[in-house]
There are 2 protein chains.
Amino acid sequence: MTSTAPAAATPEDLLRGAGLRVTAARVAALRAVGENQHATADAVLGSVRAELGTVSVQAVYDVLHALTDAGLLRRIEPAGHPARYERRTGDNHHHIVCRSCGAIGDVDCTVGHAPCLTPSDDHGFVVETAEVTYWGLCPDCRDQGSGADPTAQP
Amino acid sequence: MTSTAPAAATPEDLLRGAGLRVTAARVAALRAVGENQHATADAVLGSVRAELGTVSVQAVYDVLHALTDAGLLRRIEPAGHPARYERRTGDNHHHIVCRSCGAIGDVDCTVGHAPCLTPSDDHGFVVETAEVTYWGLCPDCRDQGSGADPTAQP
DNA sequence: CGGCTCAACTGGAATGATTCCAGTTTAGGG
DNA sequence: CCCTAAACTGGAATCATTCCAGTTGAGCCG
């Protein structure tokens with residue numbers, strides 16, 4: 001049990017703390033993402049259905065949206081892949097994505113705080129956040145050679 | 001290698017230099033992206049049709065794919081937006097995207113060469129490239145603050 | 001310079017992720 | 001316990017992109 005936060009906050013507590021109604025779908029979705037970081041909406045749908053029985057596709061999208069807006073989840077969208085959700089919020093960490101199987105790893109930006117985060121020429125834009133995505137090969141795909149093997153998934 | 005094609009290189013020369021067949025669709029697409037950096041596939045389709053008359057959707061996607069594979073174009077895919085194409089290839093510059101209208105600007109990474117590009121913990125991944133996306137507001141949207149914006153959140 | 005061949009193109013249908021919509025259920029404050 | 005807004009249902013729609021089967025044309029070759 002990781003007790004990084006003050007005590008092991010239950011999904012229910014997290015929801016209430018964020019001023020959201022506590023519903024079965026939200027609790028299940030929160031738990032699903034907690035157990036499977038970087039889960040896709042589809043994966044969450046699967047987990048939630050396995051736990052609750054019938055849940056509509058829309059409900060899961062609604063829930064993921066609500067939780068993301070409330071700051072309980074963070075959504076990441078690697079180019080060419082469906083969106084994924086994670087529970088690590090607040091810290092602006094980055095991600096490394098496997099070109100072959102799409103697996104994702106977290107990357108803490110320890111190189112100072114924001115090295116790249118101030119563009120040299122911002123074209124008059126007001127910069128709010130900077131997002132770094134690393135692309136490469138995960139250990140599994142690296143070992144298997146470079147086969148386009150869509151059967152691998154963590 | 002010698003200097004690649006000079007700035008004044010015609011689309012035809014660029015295509016031949018890349019070992020690609022010279023077709024009307026490719027020439028037109030290359031010119032379209034040249035005149036409208038960060039154009040979407042749809043925008044390119046519009047330009048190409050304006051120039052050539054009837055061109056199929058598939059042809060434009062084929063062309064953009066071929067040109068991207070050949071290194072004549074670079075594709076960028078900001079989360080939540082359709083893919084865009086640009087002619088600045090080779091240098092690993094980055095992009096700033098307007099949250100409000102989706103406008104895109106180029107950002108040269110002058111802060112050293114690759115500050116963020118070496119993750120602190122790579123999880124065993126083989127990192128090939130790093131991609132930085134800045135999110136913010138473009139000058140127009142910043143000034144307006146409201147109006148042509150469906151989901152304003154200043 | 002006319003033929004040949006395969007890459008390129010046509011047009012229509014399919015895909016996958018996500019959203020819209022109208023009606024029904026339910027959490028939780030009064 | 002009752003009410004109301006928020007959440008959920010299920011089906012259809014959207015949007016970018018790709019798949020498919022047949023047709024056209026660029027560029028090489030004799």
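None of these values were measured; they are calculated from a predicted model. So you know, we letter chains A, B, ... as the sequences are listed, proteins then strands, and number each from 1.
- Within the 4.5 Å cutoff, no side-chain heavy atoms of B/Arg75 are placed close to those of B/Arg84.
- We find that CG of A/Asp62 is positioned 13 Å from P of C/dC21, with the value rounded to whole Å.
- Listed for the A/Arg74 side chain is no donor-acceptor partner under 3.5 Å among the backbone atoms of A/Arg87.
- Defined by atom type and a distance below 3.5 Å, a donor-acceptor pair is present between the side-chain atoms of A/Asp106 and A/His38.
- Taking both residues in full, the closest heavy atoms of A/Asn92 and A/His94 are given as O-CE1, 3.5 Å, listed atom of the first, atom of the second, then distance.
- Contact of the A/Trp135 side chain with the A/Cys98 side chain is not registered, since no non-hydrogen atoms from C-beta on lie closer than 4.5 Å.
- Straight-line distance from the CG atom of A/Asp42 to the P atom of C/dA17: 7 Å, rounded to whole Å.
- Nearest to the side chain of A/Gln58, among C/dT18, C/dC20, C/dT10, sits C/dC20.
- Atoms CG (B/Leu45) and P (D/dC15) sit 15 Å apart, rounded to a whole Å.
- In this structure, CG on B/Asp62 lies 7.5 Å from OG on B/Ser56, to the nearest 0.5 angstrom.
- Closest to the side chain of B/Ala25, from the set C/dC9, C/dG11, D/dC8, is C/dC9.
- Backbone-only engagement by B/Thr54 is indicated by non-hydrogen atom pairs under 4.0 Å involving sugar-phosphate atoms exclusively.
- Here C/dA7 presents its C1' atom at 14 Å from CG of B/Leu15, a figure rounded to the nearest Å.
- Inspection of the B/Glu131 and B/His95 side chains reveals no N or O donor paired with an N or O acceptor under 3.5 Å.
- Two residues are said to be in side-chain contact when any heavy atoms from C-beta on lie closer than 4.5 Å; A/Val44 and A/Asn36 fail this criterion.
- Of all nucleotides listed (D/dT17, C/dG12, D/dT9), D/dT9 comes nearest to the side chain of A/Ser56.
- When rounded to the nearest whole Å, the span between OH of A/Tyr61 and C1' of D/dA13 equals 15 Å.
- Listed by residue number, A/Val63 are the residues of residues 63-83 of chain A with a heavy-atom contact under 4.0 Å to DNA chain D.
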Nucleotide N/O of nucleotides 22-29 of chain C paired with protein N/O under 3.5 Å:
residue	atom	partner	partner atom	Å
C/dG28	OP1	A/Val22	N	2.8

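- B/Val63 places none of its side-chain heavy atoms less than 4.5 Å from the side chain of B/Gln58.
- The CG-C1' distance, from B/Leu52 to C/dT10, rounds to 14 Å in whole Å.
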